[in-house]
Amino acid sequence: MKERFIYYFLKNADGNMTEDITMLEKLSERQLRLAMLLSMDSFYLEDLAKKIAVTKKTLLSDIAAFNFVHSPASIHIDEQQKVSLRLPCEYNLESITSTILKHSSHIQLLKIILMQEPCIAKLADQLFLSTASIRRIIMFLNESFQKRGFLFRIHTTPYVHIQGEERQIRFFYCSLFEEIYTPDQLPHSQILSAAIKRYMKLYPPLNKLSGHKQLFLIYYFLISIIRIGKKHKLSDQLKSQPLEMDIDLFFERTKNNITFCSVMEKNYHFYLTKETASELLRPISQMIHFASVKAPAHEIKKLRNLSQNFYRSLSTDTMLSDQQLNYLYHLISFKKEFLPFLTNSFKQFFVIVLKSDPLILSFYEQALVEENYSFILTNRLLYEELLEELVLLSPALIDRIIPKKKTYTVMILSSQEPKVCFLYKELLTKKFPKIKEIKEYQDSFFDLNYRLINQYDLVLTDFPLDRNQLNTKMIKISNFPTYSFWENIEAILHK
């Protein structure tokens with residue numbers, strides 16, 4: 001749900017889908033859109049149909065298909081036609097998007113091309129499609145690559161394969177596989193992990209990588225080994241060539257790993273030599289070395305100006321330290337090489353930003369242009385990552401975008417026996433930790449102290465109150481909490 005989707009959604013806060021948002025076929029695209037929209041909010045059926053640009057009949061059919069595939073997760077429609085997504089505790093949004101991608105014929109085609117590079121007839125047989133349908137999908141994907149500025153395309157002769165800028169191809173497939181698989185679900189993940197761990201023990205810069213980057217190496221090694229085994233080589237102009245010690249160290253440490261070498265040879269025709277070790281390590285050497293390199297002074301200055309201009313435009317008093325600026329420099333250097341695929345670059349974070357202050361994006365883009373970071377505007381993944389970091393590094397801006405949840409004070413004003421007040425107080429204290437104070441009314445019932453009562457956010461009462469003097473919320477209570485009472489109080493507290 002990615003390239004065009006993120007910008008389309010950012011520029012159109014209502015999120016209506018009037019164009020394709022992914023590289024997926026229509027049904028998978030709508031399923032993905034459903035999951036994304038409903039993960040943020042609930043919608044009335046008619047409004048949701050408009051957002052996805054389908055009829056209510058099609059939407060109901062899509063919801064039925066969703067519930068069949070993703071059970072026990074489900075999309076629920078209540079009596080008022082309100083549509084919501086229900087995820088069990090063991091599920092998250094990524095569980096849903098991963099399954100959608102695995103069922104997509106477009107994604108299956110991309111995976112088969114990577115792993116097998118078959119002839120078009122064999123590819124059609126595996127996907128139970130006609131060769132004409134396969135050609136249409138390939139044409140659609142190539143158009144998607146071109147629109148996104150990717151420097152590669154799918155070729156169909158003499159066999160179906162992806163060819164172009166090799167490093168881009170590898171990072172693209174890494175992004176795709178990260179969407180679909182957790183590291184332990186990858187083929188031969190334990191063997192790859194063991195080889196990487198051995199190398200890490202002997203090469204200290206690897207130990208300075210974040211946990212995410214260390215796990216990324218598993219994806220990268222697998223994709224690169226597959227590509228190298230099929231004789232796809234990096235361009236000679238690749239700038240980030242590793243030091244010879246990197247190659248020698250990896251080669252010497254890994255060549256005696258019989259399990260690794262035999263499995264990679266048998267499954268992917270990858271034969272470890274110094275040449276193939278160089279092919280494997282060159283694209284990631286920059287990432288490895290950045291972890292232990294201090295950013296150049298002029299880059300720190302540019303980032304300081306960028307951050308100050310951004311924060312100043314938002315009237316936020318935030319100054320980043322050299323350490324934080326160095327972190328941002330490495331983030332940009334690492335992320336600018338990546339081609340985002342589908343769902344990672346769509347985040348609820350951006351919806352929160354838009355709803356809180358749409359000008360944030362304008363000020364952010366202005367700061368990028370002023371400090372000559374315009375290239376970030378064309379890299380969707382880096383665009384969102386840097387903005388997210390700038391926000392998270394500013395506590396004042398976080399408070400502005402995501403205000404602290406209100407803590408409530410409650411007064412119980414009951415003419416019943418004391419046990420009624422006690423019951424409500426105990427139940428509310430246990431059920432709603434966000435309630436800061438629960439106090440029982442002790443003043444005169446003959447002359448109600450509305451000045452005191454109105455100091456509380458909510459009053460629970462079974463006593464008749466003068467609505468003209470009452471300036472706070474009120475819920476009538478019974479001798480015991482009814483189902484309606486719980487619904488009413490949750491509606492107020494969660495508003």
*Asks:* Answer yes if the side chains of Ser42 and Ser84 hold a donor-acceptor pair under 3.5 Å, and no otherwise.
*Replies:* no
*Asks:* Tell me if the aromatic rings of Tyr268 and His188 count as close, with their centers under 6.0 Å from one another.
*Replies:* yes
*Asks:* Taking the side chain as C-beta and beyond, is there a heavy-atom pair between Leu141 and Ile138 under 4.5 Å?
*Replies:* no
*Asks:* State, without any angle test, whether Thr409 and Asp457 hold a side-chain donor-acceptor pair at a distance under 3.5 Å.
*Replies:* yes
*Asks:* Ignoring hydrogens and angles, tell me if any N or O in the side chain of Tyr408 forms a donor-acceptor pair with the backbone of Ile492 under 3.5 Å.
*Replies:* yes
*Asks:* Verify the distance criterion only: is there a donor paired with an acceptor across the side chains of Thr55 and Thr58 at less than 3.5 Å?
*Replies:* yes
*Asks:* Between the side chains of Glu117 and His155, does any donor sit under 3.5 Å from an acceptor?
*Replies:* no
*Asks:* Is the shortest side-chain heavy-atom distance between Phe310 and Thr316 below 4.5 Å?
*Replies:* no
*Asks:* Answer yes if the side chains of Ser28 and Glu25 hold a donor-acceptor pair under 3.5 Å, and no otherwise.
*Replies:* yes
*Asks:* For Gln126 and Gln108, test the side chains for any donor-to-acceptor distance below 3.5 angstrom and give the result as yes or no.
*Replies:* no
*Asks:* Does Tyr383 have its ring centroid less than 6.0 Å away from the ring centroid of Tyr364?
*Replies:* yes
*Asks:* Are the side chains of Ile75 and Asp62 in touch, meaning some heavy atoms are under 4.5 Å apart?
*Replies:* no
*Asks:* So Tyr424 and Phe485, would you call those rings parallel, tilted or perpendicular, with 30° and 60° as cut-offs?
*Replies:* perpendicular
*Asks:* Is there side-chain contact between Leu114 and Lys230, with heavy atoms separated by less than 4.5 Å?
*Replies:* no
*Asks:* Report yes or no: is the cationic atom of Lys302 (NZ for Lys, CZ for Arg) under 6.0 Å from the centre of the six-membered ring of Tyr373, at an angle within 45° of the ring normal?
*Replies:* yes
*Asks:* Run the ring-centre check on Phe172 versus Phe145 and record whether the distance is less than 6.0 Å.
*Replies:* yes
*Asks:* In terms of side-chain heavy atoms, does Tyr327 have a donor or acceptor partner in Glu389 at a distance below 3.5 Å?
*Replies:* yes
*Asks:* What I'd like to find out is whether the side chain of Ile137 reaches to under 4.5 Å of the side chain of Leu129, using heavy atoms alone.
*Replies:* yes
*Asks:* When you compare the side chains of Ser133 and Arg136, does any donor N or O come within less than 3.5 Å of an acceptor on the partner?
*Replies:* yes
